[in-house]
Amino acid sequence: IAVDHRRKNRCLESLQSNVQRLNTYKAKLIVFPRRSRKTKAGDASQEELANAMQVQGPVIPIVREKPAVEVVTITDDLKANKGYAKLRLERTNKRLVGVRKKRAAEAEKDEKK
């Protein structure tokens with residue numbers, strides 16, 4: 001089984017589904033011995049070899065669940081919301097927080113004098 005060591009499972013559900021899929025694959029897998037006279041541990045028995053069939057196409061297809069789409073009616077309140085303008089305003093506020101703090105401190109210092 002080929003494994004990509006760079007890949008990380010970020011979700012426990014996908015990890016469990018992959019483990020279950022690979023265990024099912026390993027259970028269905030029949031390992032033929034390299035030499036007919038000498039069998040090693042993990043090789044298939046003679047009965048399994050006699051009943052073996054070659055499977056063509058996807059052996060165990062990956063079934064993806066489609067996420068449920070929630071349909072929402074668009075109201076006037078949602079239309080009035082300006083998402084991009086709100087994001088720009090918050091980015092600007094975050095960027096200028098230090099400058100505004102410094103100006104407020106200077107104004108307070110000048111006020112005391």
Side-chain angles (χ1 to χ4, degrees):
I1 299 171
V3 177
D4 186 1
H5 294 285
R6 299 168 295 179
R7 187 177 176 282
K8 297 221 185 319
N9 284 304
R10 306 210 189 290
C11 176
L12 185 63
E13 295 167 355
S14 65
L15 173 67
Q16 293 299 327
S17 66
N18 283 337
V19 168
Q20 181 182 5
R21 185 175 54 84
L22 290 173
N23 285 337
T24 306
Y25 175 77
K26 282 172 51 177
K28 291 184 177 184
L29 185 67
I30 298 174
V31 180
F32 283 78
R34 288 186 167 197
R35 299 184 200 157
S36 60
R37 293 182 186 159
K38 286 188 177 180
T39 58
K40 291 187 172 183
D43 288 348
S45 64
Q46 291 297 325
E47 301 90 40
E48 289 177 326
L49 294 177
N51 295 332
M53 293 176 17
Q54 184 171 358
V55 179
Q56 295 180 347
V59 178
I60 302 174
I62 298 173
V63 179
R64 305 241 185 233
E65 293 181 16
K66 293 184 178 178
V69 177
E70 184 179 339
V71 179
V72 179
T73 57
I74 299 174
T75 61
D76 292 333
D77 186 36
L78 288 174
K79 286 182 182 179
N81 246 350
K82 303 293 182 197
Y84 184 72
K86 175 76 172 162
L87 283 173
R88 292 299 306 162
L89 179 67
E90 292 303 319
R91 282 188 192 136
T92 305
N93 289 340
K94 183 181 175 190
R95 188 170 48 93
L96 297 177
V97 78
V99 174
R100 289 178 178 160
K101 197 175 195 180
K102 183 178 175 184
R103 284 183 187 162
E106 287 176 358
E108 186 179 317
K109 187 177 178 184
D110 290 340
E111 224 175 77
K112 285 184 181 180
K113 287 186 179 182

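The first residue in the sequence is number 1, and the count goes up from there.
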Residues clustering with Leu12 (ILVMFWY side chains joined when closer than 4.5 Å, directly or via others):
Leu15, Val19

Could you list all the salt bridge (charged side-chain N to carboxylate O under 4.0 Å, His left out) pairs where at least one residue sits in residues 79-88, not counting sequence neighbours?
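Found Lys86-Glu90.
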
Distance check, rounded to the nearest 0.5 Å: Asn81 atom CG versus Ile74 atom CD1?
12.0 Å

Spatial distance of atom NZ (Lys101) from atom CZ (Arg103) [nearest 0.5 Å]:
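Reported to 0.5 Å precision, the distance equals 15.0 Å.
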
Does atom CZ of Arg10 have more than 12 heavy-atom neighbours from other groups under 6.0 Å away?
no

Counting neighbours of CD on Glu106 that are heavy atoms of other residues, nucleotides or ligands and sit closer than 6.0 Å, is the number greater than 12?
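For Glu106, atom CD is crowded (more than 12 foreign heavy atoms under 6.0 Å).
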
Residue pair Ser14 / Ser17: nearest heavy atoms and the distance that separates them:
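In terms of heavy atoms, the two residues are closest at O-OG, 2.8 Å.
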
Taking all non-hydrogen atoms of both residues into account, name the closest pair between Asn9 and Asn18 and its distance.
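In terms of heavy atoms, the two residues are closest at OD1-ND2, 3.6 Å.
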
Tell me, with the steps shown, if Lys94 and Leu89 meet side-chain contact (heavy atoms from CB on, under 4.5 Å).
CA-CA 9 Å; Lys94 183 181 175 190; Leu89 179 67; over 6 Å; no

Quick one about Arg21 and Asn23 (side-chain donor to acceptor, distance below 3.5 Å, no hydrogens or angles considered), yes or no?
no

Under the criterion side-chain contact (heavy atoms from CB on, under 4.5 Å), I'd like the reasoning laid out for Thr92 against Arg95: C-alpha separation, chi angles, the key distance, then a yes or no.
CA-CA 5 Å; Thr92 305; Arg95 188 170 48 93; 4.1 Å; yes

Would Glu70 and Val72 count as a side-chain contact (heavy atoms from CB on, under 4.5 Å) here? Give the steps.
CA-CA 6 Å; Glu70 184 179 339; Val72 179; 4.1 Å; yes

Residues which pass salt bridge (Lys or Arg N to Asp or Glu O under 4.0 Å) with Arg6, listed by chain and number, not counting sequence neighbours:
Asp4

